[in-house]
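Right, one structure below, let's go through it.
Computed from a predicted structure; not experimentally measured.
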Amino acid sequence: ANERYSFFTLDNTAVICHKRTTPLVYTGSGSAATFASSVTADWGLEWQRYPWFHSTVDPRLLYYGELGDPDSQHDSTFLNFDEDAFELTGACKQGDDMLVGKLSALFRVQYRGTSPLFKKYRVPTAIGPINHWTMKEIPNQGRVIFLAPDFNFYIVDGDSVIPCGDNIQ
């Protein structure tokens, strides 16, 4: 009761994140099993067939496992968003890319397929999502909408971040 869980699927496996435990996997029968990992995560997502987990130990890190294998979480493969001291608040897909947010920033991550696997850059904005649960891709539009700490909704269209409503009172 009164706890938040984050769920995503990868290759017919449900992945469950809760901030006080390592991620769990459920394959459709029996009980959920733990990953072979010491990383605790409060939210996660599937992107480019990789499982991604937000670290609760260093909240500026996103850990990822092996391609297409939800049970492969490694404690040493991660993207670091330590450009400032603020923690990551959310992430979601935007087409083929992944958007990663902090309260006052957005980053775009692109899959390269060669070493280094991922290219990361900062989107020109000073606003980001309030949390992971309010950041969603709009189906069939290639845009992302999120609730920001200034009580406004924003749409990300490409690298343009546009307010799309009055402040919520």
Side-chain angles (χ1 to χ4, degrees), residues 1-81 87-102 106-120 123 128-148 153-158:
N2 298 323
E3 296 287 342
R4 265 195 200 138
Y5 289 82
S6 172
F7 299 85
F8 65 92
T9 59
L10 180 65
D11 290 343
N12 296 320
T13 300
V15 181
I16 308 157
C17 296
H18 183 270
K19 64 184 172 188
R20 288 190 294 254
T21 61
T22 57
L24 303 170
V25 294
Y26 180 72
T27 58
S29 63
S31 298
T34 58
F35 273 171
S37 170
S38 62
V39 173
T40 57
D42 54 352
W43 49 264
L45 73 152
E46 176 276 329
W47 174 63
Q48 295 292 347
R49 298 204 50 221
Y50 287 86
W52 293 84
F53 300 97
H54 178 243
S55 172
T56 58
V57 175
D58 185 343
R60 298 172 301 169
L61 303 180
L62 273 181
Y63 284 88
Y64 60 95
E66 290 181 15
L67 180 64
D69 186 357
D71 215 12
S72 70
Q73 178 62 26
H74 296 287
D75 300 348
S76 61
T77 53
F78 59 86
L79 288 180
N80 195 343
F81 294 85
E87 67 183 60
L88 298 176
T89 56
C92 76
K93 301 175 192 179
Q94 184 183 23
D96 290 336
D97 298 344
M98 177 172 56
L99 281 180
V100 179
K102 296 183 176 190
L106 281 174
F107 298 87
R108 180 172 304 284
V109 181
Q110 297 172 319
Y111 179 70
R112 297 170 41 92
T114 60
S115 186
L117 279 178
F118 307 103
K119 176 185 174 188
K120 172 185 83 166
V123 174
I130 192 87
N131 64 41
H132 177 70
W133 293 270
T134 64
M135 188 177 193
K136 298 296 174 197
E137 184 177 32
I138 300 171
N140 302 320
Q141 293 189 15
R143 299 185 290 177
V144 167
I145 190 167
F146 65 87
L147 179 62
F153 281 99
Y154 288 81
I155 286 183
V156 183
D157 190 1

- [ ] For S55, check side chain to side chain donor-acceptor pair (under 3.5 Å) against everything at least two apart and list the hits.
- [x] none
- [ ] Taking all non-hydrogen atoms of both residues into account, name the closest pair between L45 and C92 and its distance.
- [x] CD1-CA, 3.9 Å
Task: Heavy-atom donor-acceptor pair, K102 side chain to P129 backbone, under 3.5 Å - done: no
Task: Within-4.5 Å side-chain heavy-atom neighbours: D42 and H18 - done: no
Open item on the list: The criterion is salt bridge (Lys or Arg N to Asp or Glu O under 4.0 Å); which residues satisfy it with D58, sequence neighbours excluded?
Closed with: R60
- [ ] Kindly say whether the aromatic ring centers of Y64 and F78 come within a distance under 6.0 Å.
- [x] no
- [ ] Verify, without hydrogens or angle tests, whether H54 (side chain) and P59 (backbone) share a donor-acceptor contact under 3.5 angstrom.
- [x] yes
Open item on the list: Working note: K93 + E137, criterion side chain to side chain contact (heavy atoms under 4.5 Å, CB included); need CA distance, chi angles, decisive distance, verdict.
Closed with: CA-CA 6 Å; K93 301 175 192 179; E137 184 177 32; 3.9 Å; yes
TODO: State, with a plain yes or no, whether a side-chain heavy atom of W47 is found less than 4.5 Å away from one of L10.
DONE: no
TODO: Using a 4.5 Å cut-off on heavy atoms from C-beta on, say whether the side chain of M135 contacts that of L106.
DONE: yes
- [ ] Go through the steps for V109 and V100 under the test side chain to side chain contact (heavy atoms under 4.5 Å, CB included), then give the verdict.
- [x] CA-CA 8 Å; V109 181; V100 179; 4.1 Å; yes
Task: Backbone of G44 reached by a side-chain donor or acceptor of S6 within 3.5 Å - done: yes
Open item on the list: Using the salt bridge (Lys or Arg N to Asp or Glu O under 4.0 Å) criterion, which residues pair with R143? Sequence neighbours excluded.
Closed with: none
Task: Any donor-acceptor N/O pair, H132 side chain to A91 backbone, under 3.5 Å - done: yes
- [ ] Only counting residues at least two apart or in another chain, list the ones meeting salt bridge (Lys or Arg N to Asp or Glu O under 4.0 Å) with K119.
- [x] none
Task: Considering all heavy atoms, the nearest Y50-W52 contact - done: O-CD1, 3.1 Å
TODO: Would you indicate whether the side-chain heavy atoms of P51 and F8 approach each other to under 4.5 Å?
DONE: yes
Open item on the list: Measuring only between side-chain heavy atoms, which start at C-beta, is W43 closer than 4.5 Å to Y5?
Closed with: no
- [ ] Determine, step by step, whether F53 and C17 satisfy the side chain to side chain contact (heavy atoms under 4.5 Å, CB included) criterion, reporting the C-alpha distance in whole Å, the side-chain angles of both residues, the deciding distance to 0.1 Å, and the verdict.
- [x] CA-CA 8 Å; F53 300 97; C17 296; 3.6 Å; yes
Task: CA sep, side-chain torsions, deciding dist, call: Y26, V15, side chain to side chain contact (heavy atoms under 4.5 Å, CB included) - done: CA-CA 6 Å; Y26 180 72; V15 181; over 6 Å; no
TODO: Report the residues that fulfil side-chain contact (heavy atoms from CB on, under 4.5 Å) with R108, sequence neighbours left out, ordered by chain and then residue number.
DONE: Q94, D97, L99, Q110, Y121, V123, V156, D159
TODO: May I ask you to check whether Y154 and F146 place their ring centers less than 6.0 Å from one another?
DONE: yes
TODO: Applying side chain to side chain donor-acceptor pair (under 3.5 Å), name anything that partners K120, two or more places apart in sequence or on another chain.
DONE: E83
- [ ] Assess the side chains of T13 and T27: does a donor N or O sit below 3.5 Å from an acceptor N or O?
- [x] no
TODO: Determine the interplanar angle of the Y111 and F118 rings, folded into 0 to 90°, and report it as parallel if under 30°, tilted if 30 to 60°, perpendicular if over 60°.
DONE: tilted
